[in-house]
Amino acid sequence: MVRAPVISLRVGDVPAGMVDDWGRDPALVATVIRLANVRWDVSVGGSQYLPRRKGALIVVNARRFALSPIYAALALSETLHQPVRFVGRPDTAPIGAFSRRIGGLLDHPDEVAGALAGGQLVVMGAEHGAIGRVDHTLVGAALSVGVSVYPAATSSSPLRRGARLEIGPASKSSRKRRGPLSELELADQVRVDIAMLLDELGE
């Protein structure tokens, strides 16, 4: 397993009770990770594909009520010993405030682009389903700041603790384009790559 160097703040770099530039509280995250480990025992593979010196967008398959982006972000944060954020923070209290403190970002291209440009790893979920639609506007946010998009397959059960997160190499469009078509084609390619990872997991 390759340990990725950190561009921004590691867990523990922010004093207790303090939050980083995106509102994440590392002391609270450490507590949430301990609680999450009671629910999920996540095996993480493929983290060596992630960049060492810049941000990256990681797209996972998501099932309704499975909380895949959240447990994936927490497991990666624990594996890499660095902050990993997830997309899907609601903009309402009190859940929204809590989600921000554990690394949640709004489902908005500007907020995602800002975190990626700041060297952050960000996990987003595809729409619910086997492999739902991938939001091309968030893929476009990654393209706009020059970071790569990585497919990732998640597997979990509502009745068992065992879960899996498998990250693949960065997705690449078959054709080089500029403009809106580039993000649409890359979003479609990410779906294809997630499907291949799920096949390898036997899902």
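The structure presented is a predicted model; accordingly, all values stated were derived computationally and were not measured.
- Side chains of Met124 and Val112 form no contact here, defined as non-hydrogen atoms less than 4.5 Å apart.
- Among all heavy-atom pairs drawn from Ile102 and Arg24, the shortest one is C-CG, 4.3 Å.
- Looking only at side-chain heavy atoms (C-beta outward), Pro90 and Ser99 come within less than 4.5 Å of each other.
- Atoms CZ and CZ, from Arg100 and Arg89 in turn, are 3.5 Å apart once rounded to the nearest 0.5 Å.
- In this structure, Thr154 and Leu165 approach most closely via the heavy-atom pair CG2-CD1, 3.8 Å.
- Pairing each heavy atom of Glu166 with each of Leu197, the nearest pair is O-CD1, 3.7 Å.
- Considering only residues two or more places apart in sequence or on other chains, Arg191 meets the side chain to side chain donor-acceptor pair (under 3.5 Å) condition with none of them.
- Sorted by first then second residue, the ring pair (Phe, Tyr, Trp, His ring centres under 6.0 Å) pairs that include residues 142-168, not counting sequence neighbours, number zero.
- Pairing each heavy atom of Leu201 with each of Ala153, the nearest pair is CD1-CB, 3.7 Å.
- Once rounded to the nearest 0.5 Å, the distance linking CD of Gln120 with CH2 of Trp22 reads 4.5 Å.
- Summarising the geometry, atom CG belonging to Leu67 is positioned 4.5 Å from atom CH2 belonging to Trp40; distances are rounded to the nearest 0.5 Å.
- The shortest side-chain heavy-atom distance between Leu76 and Phe86 does not fall under the 4.5 Å cut-off.
- Leu143 CG to Ser148 OG: the interatomic distance, rounded to the nearest 0.5 Å, is 9.0 Å.
- Not one N or O on the side chain of Glu185 forms a donor-acceptor pair closer than 3.5 Å with the backbone of Ser173.
- Inter-residue side-chain proximity for Glu183 and Pro109 is flagged as unmet; no heavy-atom pair is nearer than 4.5 Å.
- Checking side-chain atoms of Arg85 against main-chain N and O of Ala73 turns up no donor-acceptor pair under 3.5 Å.
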